[in-house]
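Nothing here was measured: the structure is a model prediction, and the numbers come from that model.
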Amino acid sequence: MNERLTINLADYGFASQQDGFRAGMESSETVDQLNKALAAEQITGRETTDLTTASGAPLKVESLEKTLKHLTFREQDIRLWKDIPKKPAYNTVEEYNQQVSYGAHRGGWNREGELPEEEDSVFVRRAQLVKYLGVTKSVTHQMTLVNTMIGSVMERTIKDGTLWILRALNEGLYFGDEKIVPEQFSGFIAQQRNSDSWASYADYMDSEHVVDLRGSALTEDAIETAANTIVENYGLGTQIYGPPAVLSNFVKNFYGNKFIVPNTPSLSDGIMGQRVQAFDSQFGRIGLNHDVFFKKLPAKTASSAATSQKAPTKPTWDTSFNSSSATKVESSVAGSKWGTTDAGNVYYAVSAINRFGESDLAVISTAVAATSGCAVDMKFTDGGGVNKATAYRIYRTKAGGAATGPFYPLFEVSVDDVTRGYDGGSPRIIRDMNRYLPDTDQSILFQFDNEVIEFSQLAPLMKMDLAVLSPAFRFMILLYGTPLLYAPKKMVRFINIGKTIQ
């Protein structure tokens with residue numbers, strides 16, 4: 001075995017000098033000579049321009065690793081988009097038919113010689129609009145002429161643009177909502193929530209298709225319950241998609257109950273831990289898939305900047321709403337999710353959203369004393385600006401938090417939601433029923449086939465060159481399409497997934 005603990009001088013081609021170098025160091029005369037020798041010093045060659053005191057540093061060849069090190073996501077991180085069934089689209093409006101019923105579930109029993117009652121099948125036509133996703137990239141002519149560590153800079157820029165598109169696309173499959181950003185397609189969560197399978201938003205959130213874990217980790221019991229829900233709606237759950245942290249905490253459920261089998265290669269090699277790749281429900285095997293683009297949005301503070309120069313101006317809290325306050329706590333509200341463990345002083349903030357990005361936060365500096373069974377009503381006005389807001393994002397601290405944050409995103413409301421009132425609030429009033437807890441994740445269980453979900457694509461992912469108007473090559477990376485959720489009741493959401501192991 002050729003084990004080495006370090007790099008020595010021989011690795012740099014100094015083998016013939018190595019002994020002499022070591023011996024010379026024993027001589028004081030040699031040390032004096034070395035003090036007069038050229039010094040490399042701790043600066044790069046480019047930093048020695050016009051200097052006459054940099055000793056030997058101007059002669060140095062810069063030592064730069066020839067491999068690009070990635071600090072951002074890579075192609076293998078794109079999960080749902082790679083897995084989802086796809087089909088070509090032939091129109092900017094994608095329509096599909098649903099068979100809702102074979103007829104009313106009643107009667108059917110007849111007397112001898114009697115004509116059975118007539119029942120009609122029920123069909124519904126649905127539609128989703130194709131939306132357009134794109135990014136412009138540019139490479140100067142001069143940049144194409146220089147040597148780089150990445151080979152062709154044009155090929156790298158095309159790949160980077162493609163990955164930029166795929167990140168936005170993959171996130172949109174989960175979180176997209178055309179009611180929030182009209183130019184965006186509606187992802188699977190929005191399509192399920194906005195379907196007419198439920199009479200109202202409250203009915204949907206309280207239904208068996210939304211499994212609320214209230215801060216605990218994902219459990220076997222929750223998955224089995226969700227699998228049963230899909231089966232009772234004539235489907236079969238086959239795949240779960242969730243953030244890495246959700247599946248990591250799910251695995252931790254088994255650490256305390258894991259049996260260590262003696263005399264196995266893993267034990268003898270000292271390999272511990274466990275990887276759970278699937279869950280066997282009563283109705284079949286369910287795959288577990290982690291997706292980094294399904295994780296919760298990051299927390300913000302009062303000093304967090306807007307994400308784009310074209311983002312709307314932040315809203316203004318309406319302090320005339322309730323005796324010089326922009327909030328009001330209503331007690332004993334039916335359906336409230338505020339419990340004793342959630343109650344306490346919390347702070348709220350709001351931002352404005354449009355297709356370009358999100359504004360900075362407008363923070364209420366006064367604490368709101370939330371109580372068990374309450375609802376928190378709030379009122380704000382639009383901040384205006386050149387690029388108008390199409391929606392707003394509500395933030396809240398954890399109980400006992402501070403006005404400086406961190407603020408965690410809870411939910412989003414459209415301009416229309418504000419006008420009508422949200423979640424039981426009066427017109428212009430946004431109500432927080434504590435349906436969503438701060439700093440929690442969510443996941444989805446699908447029947448993962450083209451009977452339930454599909455992506456309809458008007459054209460393949462493409463590169464389109466733009467006119468050359470300067471010594472630079474500009475091009476667009478484009479994708480046109482929309483996801484389709486054919487059967488909303490064959491999908492179950494897990495919300496408020498935390499880290500507490502049951």
Side-chain angles (χ1 to χ4, degrees), residues 129 131-136 164-165 167-169 171-187 189-190 193-194 201 293 296-321 325-327 346-366 368 376-397 403-423 425-432 436 438 476:
L129 301 180
K131 297 300 175 74
Y132 317 115
L133 184 59
V135 66
T136 298
W164 191 96
I165 289 288
R167 174 183 59 185
L169 176 63
E171 290 175 341
L173 292 174
Y174 298 114
F175 301 116
D177 190 344
E178 63 185 359
K179 290 187 175 183
I180 302 302
V181 177
E183 295 80 9
Q184 185 180 48
F185 58 60
S186 288
I189 292 174
R193 183 183 64 233
N194 298 332
Y201 174 65
F293 298 115
K296 57 182 176 287
L297 294 175
K300 292 190 174 185
T301 66
S303 61
S304 297
T307 61
S308 169
Q309 293 181 346
K310 295 183 179 180
T313 304
K314 67 182 179 182
T316 301
W317 288 103
D318 187 350
T319 55
S320 65
F321 168 51
S325 174
T327 62
V346 297
Y347 292 85
Y348 282 91
V350 62
S351 66
I353 302 171
N354 63 14
R355 67 190 178 100
F356 299 110
E358 181 182 4
S359 73
D360 51 335
L361 297 185
V363 176
I364 299 179
S365 57
T366 304
V368 176
V376 179
D377 290 347
M378 61 197 84
K379 188 176 183 180
F380 54 81
T381 57
D382 185 76
V386 177
N387 300 294
K388 302 297 185 182
T390 57
Y392 309 93
R393 181 171 289 141
I394 307 299
Y395 288 79
R396 194 179 81 213
T397 66
T404 55
F407 291 92
Y408 299 93
L410 294 182
F411 55 87
E412 297 164 348
V413 292
S414 68
V415 171
D416 184 56
D417 289 330
V418 174
T419 300
R420 292 183 293 105
Y422 181 77
D423 204 5
S426 303
R428 309 295 307 175
I429 303 302
I430 301 303
R431 172 165 286 181
D432 179 15
Y436 297 101
M476 299 177 291

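Applying the 6.0 Å contact sphere to NZ of Lys179 captures no more than 12 heavy atoms from other residues, nucleotides or ligands.
Side-chain contact between Phe321 and Ile429 is present, with heavy atoms from C-beta onward closer than 4.5 Å. Annotation: side chain of Pro438 is in contact with side chain of Leu410 (closest heavy-atom distance under 4.5 Å). Under the 4.5 Å side-chain criterion, counting only non-hydrogen atoms from C-beta, Val418 is in contact with Ile430. Considering only heavy atoms from C-beta on, Arg393 comes within 4.5 Å of Leu297 through its side chain. The side-chain heavy atoms of Thr381 and Pro315, taken from C-beta on, include no pair separated by under 4.5 Å.
Ile394 pairs with exactly one of Tyr436, Tyr422, Tyr408, Phe411 by the side-chain contact (heavy atoms from CB on, under 4.5 Å) rule, that one being Phe411.
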For Glu178 and Gln184, what are the C-alpha separation, side-chain angles and deciding distance, and is it a side-chain contact (heavy atoms from CB on, under 4.5 Å)? CA-CA 5 Å; Glu178 63 185 359; Gln184 185 180 48; 5.6 Å; no

List the steps and the verdict of side-chain contact (heavy atoms from CB on, under 4.5 Å) for Val350 and Leu361. CA-CA 6 Å; Val350 62; Leu361 297 185; over 6 Å; no

Run the side-chain contact (heavy atoms from CB on, under 4.5 Å) test on Asn387 and Arg355 for me, step by step, so that the C-alpha distance in whole Å, both residues' side-chain angles and the decisive distance to 0.1 Å come before the verdict. CA-CA 9 Å; Asn387 300 294; Arg355 67 190 178 100; over 6 Å; no

Please report the C-alpha distance between Leu133 and Phe185 in whole Å, then the side-chain angles of each, then the deciding distance to 0.1 Å, and finally whether the side-chain contact (heavy atoms from CB on, under 4.5 Å) criterion is met. CA-CA 9 Å; Leu133 184 59; Phe185 58 60; 5.8 Å; no

Steps toward side-chain hydrogen bond (donor to acceptor under 3.5 Å, both in side chains) verdict (Asp416, Ser414): CA-CA 5 Å; Asp416 184 56; Ser414 68; 5.0 Å; no

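Formation of a donor-acceptor pair under 3.5 Å by the Trp317 side chain with backbone atoms of Ala362 is found in this model. Between the side chain of Thr390 and the backbone N or O of Ile180 there is at least one donor-acceptor pair closer than 3.5 Å. A donor-acceptor contact shorter than 3.5 Å links the side chain of Thr419 to the backbone of Val415. Checking side-chain atoms of Thr301 against main-chain N and O of Gly405 turns up no donor-acceptor pair under 3.5 Å. Between the side chain of Glu171 and the backbone N or O of Phe293 there is no donor-acceptor pair closer than 3.5 Å.
The CZ atom of Phe380 lies 9.5 Å from the CD1 atom of Ile364; values are rounded to the nearest 0.5 Å. Residue Ser426 holds its OG atom at 13.0 Å from CZ of Arg420, rounded to the nearest 0.5 Å. A distance of 13.0 Å separates CG in Asp318 from CE in Met378, rounded to the nearest 0.5 Å.
Counting all heavy atoms, side chain and backbone alike, Val363 lies closest to Ala403 at CG1-O, 3.7 Å. The minimum heavy-atom distance linking Ala311 with Ala306 is given by the pair CB-CB, 4.4 Å. Across Thr313 and Gly385, no two heavy atoms sit closer than the pair OG1-CA, 3.5 Å. Between Lys388 and Asn354 the shortest heavy-atom distance is O-CB, 3.3 Å. For Pro406 against Thr397, the heavy-atom pair with the smallest separation is O-CG2, 3.5 Å. Across all non-hydrogen atoms, the minimal contact from Pro312 to Ser359 is O-CB, 3.0 Å.
Using a cutoff of 4.0 Å between basic side-chain nitrogens and carboxylate oxygens, Arg431 and Asp423 are not scored as salt-bridged. A salt bridge is absent between Lys131 and Glu183: the closest approach of a Lys/Arg side-chain nitrogen to an acidic carboxylate oxygen does not fall below 4.0 angstrom.
Using modelled atom types, one finds a donor on one side chain and an acceptor on the other under 3.5 Å when comparing Ser351 with Glu358. In summary, the side chains of Asn194 and Tyr201 do not present any donor paired with an acceptor at a separation below 3.5 Å, with no hydrogens or angles considered. When only modelled atom types and interatomic distance are considered, Asp382 and Tyr392 share a side-chain donor-acceptor pair under 3.5 Å.
Aromatic rings of Tyr395 and Tyr347 (six-membered ring for Trp) have centroids beyond the 6.0 Å cut-off, not under it.
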